[in-house]
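Protein chains get the first letters and strands the later ones, always in sequence-line order, with residue 1 at the start of each. Computed from a predicted structure; not experimentally measured.
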There are 2 protein chains.
Amino acid sequence: MSDLIKLKHEFEHSSDFLVALGDPKRQAIILALLDKKVIHRGLRVNELTDVVALSRPAVSHHFKLLKAVGLIDYHRVGTKNYYYLTHRSQQIQQLETLLTHVQAVMDTNERL
Amino acid sequence: MSDLIKLKHEFEHSSDFLVALGDPKRQAIILALLDKKVIHRGLRVNELTDVVALSRPAVSHHFKLLKAVGLIDYHRVGTKNYYYLTHRSQQIQQLETLLTHVQAVMDTNERL
DNA sequence: CTTAATGGTTGATAATTTTAAACCATTAAA
DNA sequence: TTTAATGGTTTAAAATTATCAACCATTAAG
């Protein structure tokens, strides 16, 4: 399998993750979840509406999207859902690999 | 300056780049430009309309966007514009840095 | 100078994504 | 077993983004 075909698949696979990460609102959510005080406990939808200026359904929507992409997960305590960042997300690793591969292809052809 | 504030800035700075990379059409364009045969010569808008199934204005639009983000550049020969990938794009480096930093913050807090 | 080719721009439309209001389901507390 | 709290879902509207058709500007060739 050629390098370019491999890259094509890596790109396709990272697509949703890239757009998920690109959105400023979702970046704000991720940052909030990275905070020392919440990184283990997680945050509930209602707690986040205060931090980022978004309605509850909007936060819920973005959570769903970030979860679909494997960046966050949640656990339920009674009626409360605590959302937290997935540690060592596969997706982050894969995106790093993709970037490395892009550079590698460019470097290979640069040497000629 | 705290790690999180730094991360916030890195995120903001990578935002356009991430959405630019996330789009499947633009991924196809990047892959076409990565091809050995064109990586130095570059490709013209009209040549790309055949490779990716897009109209000329659409390709032109995506080129403009990719150029704004620093991933590609072009040079003009007569009336023809040849678009090529920027070697060692700053943005790729910065995105790699961002991913590393996110992992670092998570690892730091994991150890506690 | 005229004609053909290239590609960028503009303006209108289509498609997608984001948002919020209203509603439903589940759980905990009174 | 009511009542209040939490948060997910659905539907419609708003906003953003992508697309195309038509047009303009520039250059090369005849």
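B/Asp23 has its CG atom 16 Å from the P atom of C/dA15, to the nearest Å. Atoms NZ (A/Lys80) and C1' (D/dA4) sit 11 Å apart, rounded to a whole Å. Nucleotide C/dT6 holds its C1' atom 14 Å from the CG atom of B/Asp50, rounded to whole Å. Atom pair B/Arg44:CZ and D/dA28:P shows a separation of 14 Å (rounding to whole Å applied). Spacing between atom OH of A/Tyr82 and atom P of D/dG8 amounts to 13 Å, rounded to whole angstrom units. A straight line from NZ of A/Lys64 to P of C/dT19 spans 15 Å, rounded to a whole angstrom. Rounded to whole Å, the distance from CZ on B/Phe63 to C1' on C/dG7 is 11 Å. With rounding to whole Å, B/Ile29 atom CD1 is found 11 Å from D/dA18 atom P.
Contact check, B/Arg56 against C/dG8: no side-chain N or O comes under 4.0 Å of OP1 or OP2. Contact annotation: A/Tyr83 side-chain N/O to D/dG8 OP1/OP2 distance is under 4.0 Å. Note on A/Ser60: a side-chain N or O is less than 4.0 Å away from OP1 or OP2 of D/dG8. Using a 4.0 Å cut-off, no side-chain N or O of B/Thr79 falls inside it from OP1 or OP2 of C/dG7. Phosphate proximity of C/dT17 to A/His62: absent, as no side-chain N or O sits under 4.0 Å from OP1 or OP2. Taking 4.0 angstrom as the limit, A/Asn46 places a side-chain polar atom (N or O) nearer than this to OP1 or OP2 of D/dG7. Look at A/Lys25 and you'll find a side-chain N or O under 4.0 angstrom from OP1 or OP2 of C/dT19.
Comparing atom distances between the B/Arg26 side chain and each of D/dA18, C/dT18, C/dT6 picks out D/dA18 as nearest. Of the listed nucleotides (C/dT19, D/dG7, C/dA20), C/dA20 has the atom at the smallest distance from the side chain of A/Pro57. With C/dT18, D/dA18, C/dT19 as the candidates, the nucleotide lying closest to the side chain of A/Ala58 is C/dT19.
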*When you look at A/Leu99 and B/Leu99, which way does the side chain to side chain contact (heavy atoms under 4.5 Å, CB included) test go after all the steps?*
CA-CA 11 Å; A/Leu99 296 177; B/Leu99 296 177; 4.2 Å; yes
*Tell me, with the steps shown, if A/Asp3 and A/His101 meet side chain to side chain contact (heavy atoms under 4.5 Å, CB included).*
CA-CA 8 Å; A/Asp3 283 352; A/His101 285 176; over 6 Å; no
_Let's go through A/Asn81 and A/Tyr74 carefully: what are the C-alpha distance in whole Å and the side-chain angles of both, what is the deciding distance for side chain to side chain contact (heavy atoms under 4.5 Å, CB included) to 0.1 Å, and is it a yes or a no?_
CA-CA 6 Å; A/Asn81 296 347; A/Tyr74 72 92; 4.0 Å; yes
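Taking a cutoff of 4.0 Å between a charged side-chain nitrogen and a carboxylate oxygen, B/Glu47 and B/Lys80 do not qualify as a salt bridge. Salt-bridge annotation for B/Glu10 and B/Lys6: absent, with no side-chain N of the basic residue lying under 4.0 Å from a carboxylate O of the acidic one.
Using a 4.0 Å heavy-atom cutoff across all strands shown, A/His61 reaches at least one base atom of the nucleic acid.
Nearest-nucleotide mapping onto DNA chain C: of A/Ser55 and B/Asn81, the residue sitting toward the 5' end is B/Asn81.
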